[in-house]
Amino acid sequence: MPRDDVMKALADILERLMALATGHTTVLVAIDGCGGAGKTELARRLSLALKELDLQVSVVHFDDFYLPTRLRTAKSDAESPEASNFDWRRLRDQVLIPLRARGNARYERYDWTNDALTEQLCVAACGIIIIEGVTSSRRELRSFYNLKIWVDCPRELRLRRGLERDGEQNRARWEQEWMPAEDRYVALHRPQQNADIVVHGNEFCDIL
């Protein structure tokens with residue numbers, strides 16, 4: 001994607017968000033996409049741009065809602081349906097429901113190193129709140145959002161980015177567990193077709 005197209009896409013999203021912010025106390029935004037698509041980078045860039053416009057913004061990472069081993073099913077991601085080891089029910093109950101009711105959200109962050117829930121984080125019920133992560137706009141959560149963004153990206157590039165981040169030793173998990181689970185999620189929930197905005201992330205991170 002040429003740089004001009006990327007910057008225009010960002011400008012279009014910012015325009016939508018500013019319009020929403022004028023009519024809502026709390027604006028909930030989902031940034032969904034498969035692993036390595038560029039969701040976190042898009043959330044980071046939007047957050048910086050919104051703060052420069054003097055708008056209040058918070059980012060909640062769906063990775064913080066991964067289930068500790070002791071709470072997971074006996075099945076692996078490869079056998080379980082549509083990335084079910086991400087605890088979307090906890091995201092709904094501790095974050096989306098309180099924020100939609102204009103109450104503050106409180107949740108425990110999953111520590112990937114220690115495989116446990118750790119410190120409690122708080123999100124104030126005001127401004128623009130971005131929920132970023134794979135399955136964040138799944139059909140059970142879709143109605144909570146004011147804006148849903150899907151970050152599309154070729155499979156080969158997503159895998160390369162994932163291995164650059166997680167190391168070659170995790171190739172089997174990417175290819176045999178995480179990516180197949182995401183494929184099932186996309187087929188079942190059709191997040192791209194239900195998104196308000198689709199961003200093409202094939203060169204997104206490199207350009208930004």
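Quantities reported herein were computed from a predicted structural model and do not represent experimental measurements.
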Tell me, with the steps shown, if D64 and L121 meet side-chain contact (heavy atoms from CB on, under 4.5 Å).
CA-CA 10 Å; D64 290 346; L121 303 179; 4.2 Å; yes

Stepwise side-chain contact (heavy atoms from CB on, under 4.5 Å) check, R139 with L188
CA-CA 9 Å; R139 60 191 179 196; L188 183 62; 4.0 Å; yes

Can you check side-chain contact (heavy atoms from CB on, under 4.5 Å) on E132 and V59, steps first, answer last?
CA-CA 7 Å; E132 73 86 14; V59 178; 4.2 Å; yes

Set out, in order, the CA-CA distance, both residues' side-chain angles and the distance that settles side-chain contact (heavy atoms from CB on, under 4.5 Å) for R155 and L159, then state yes or no.
CA-CA 6 Å; R155 191 180 193 86; L159 177 60; 5.8 Å; no

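The closest side-chain heavy-atom distance from F144 to I97 is below 4.5 Å. For the pair R142/H189, a side-chain contact is recorded, criterion being any heavy-atom separation below 4.5 Å from C-beta on. Side-chain contact between I128 and L46 is absent, with no heavy atoms from C-beta onward closer than 4.5 Å. Using a 4.5 Å cut-off on side-chain heavy atoms (C-beta onward), E41 and V151 make no contact. Using a 4.5 Å heavy-atom cutoff, the side chains of L17 and L147 are in contact.
Side-chain N or O atoms of H24 include one that pairs as donor or acceptor with a backbone N or O of L20 at under 3.5 Å.
Salt bridge absent: E156 and R160 never bring a charged side-chain N and a carboxylate O closer than 4.0 Å. Between R171 and E168, at least one side-chain N (NZ, or NE/NH1/NH2) sits under 4.0 Å from a carboxylate O, which counts as a salt bridge.
Taking a 6.0 Å sphere around CD of E15, one finds it holds 12 or fewer heavy atoms contributed by other residues, nucleotides or ligands. In the displayed structure, R190 atom CZ is contacted under 6.0 Å by at most 12 heavy atoms of other residues, nucleotides or ligands.
Looking at every heavy atom in both residues, P68 comes nearest to L117 through CG-CG, 4.0 Å. For the pair P191 and S137, the tightest heavy-atom approach, listed with the atom from each and the gap, is CB-OG, 3.7 Å. In plain terms, the two heavy atoms of C122 and N104 that are nearest each other are SG-CB, 4.2 Å. When every heavy atom of A125 is checked against every heavy atom of T26, the shortest pair comes out as O-OG1, 3.0 Å. Nearest heavy atoms, V134 versus K39: N-CE, 3.5 Å. Across all non-hydrogen atoms, the minimal contact from R158 to G35 is CB-O, 3.2 Å.
The structure places CH2 of W150 at 11.0 Å from CG of N194, a figure rounded to the nearest 0.5 Å. Rounding to the nearest 0.5 Å gives a distance of 10.0 Å between OG1 of T135 and CH2 of W88. Here the straight-line distance linking atom CD1 of I149 with atom CD of Q192 works out to 13.5 Å at 0.5 Å rounding. From L53, atom CG reaches atom CE of M18 across 5.5 Å, with rounding to the nearest 0.5 Å. I31 contributes atom CD1, which lies 13.5 Å from atom NZ of K148 (distance to the nearest 0.5 angstrom). Within the model, atoms CD1 of I129 and CD of Q56 stand 8.0 Å from one another, a figure rounded to the nearest 0.5 Å.
Side-chain N/O atoms of Y145 and D32 include no donor and acceptor closer than 3.5 Å. In this structure, a donor-acceptor pair under 3.5 Å is absent between the side chains of D111 and T118.
By the side-chain contact (heavy atoms from CB on, under 4.5 Å) test, D63 pairs with F86, W112, sequence neighbours left out.
Within the structure, every pair that satisfies the side-chain hydrogen bond (donor to acceptor under 3.5 Å, both in side chains) test and touches residues 89-102, not counting sequence neighbours, is listed here: R90-Q94, R100-N146.
Relative ring orientation between F62 and F65 is described as perpendicular, the plane-to-plane angle rising above 60° on a 0-90° scale split at 30° and 60°.
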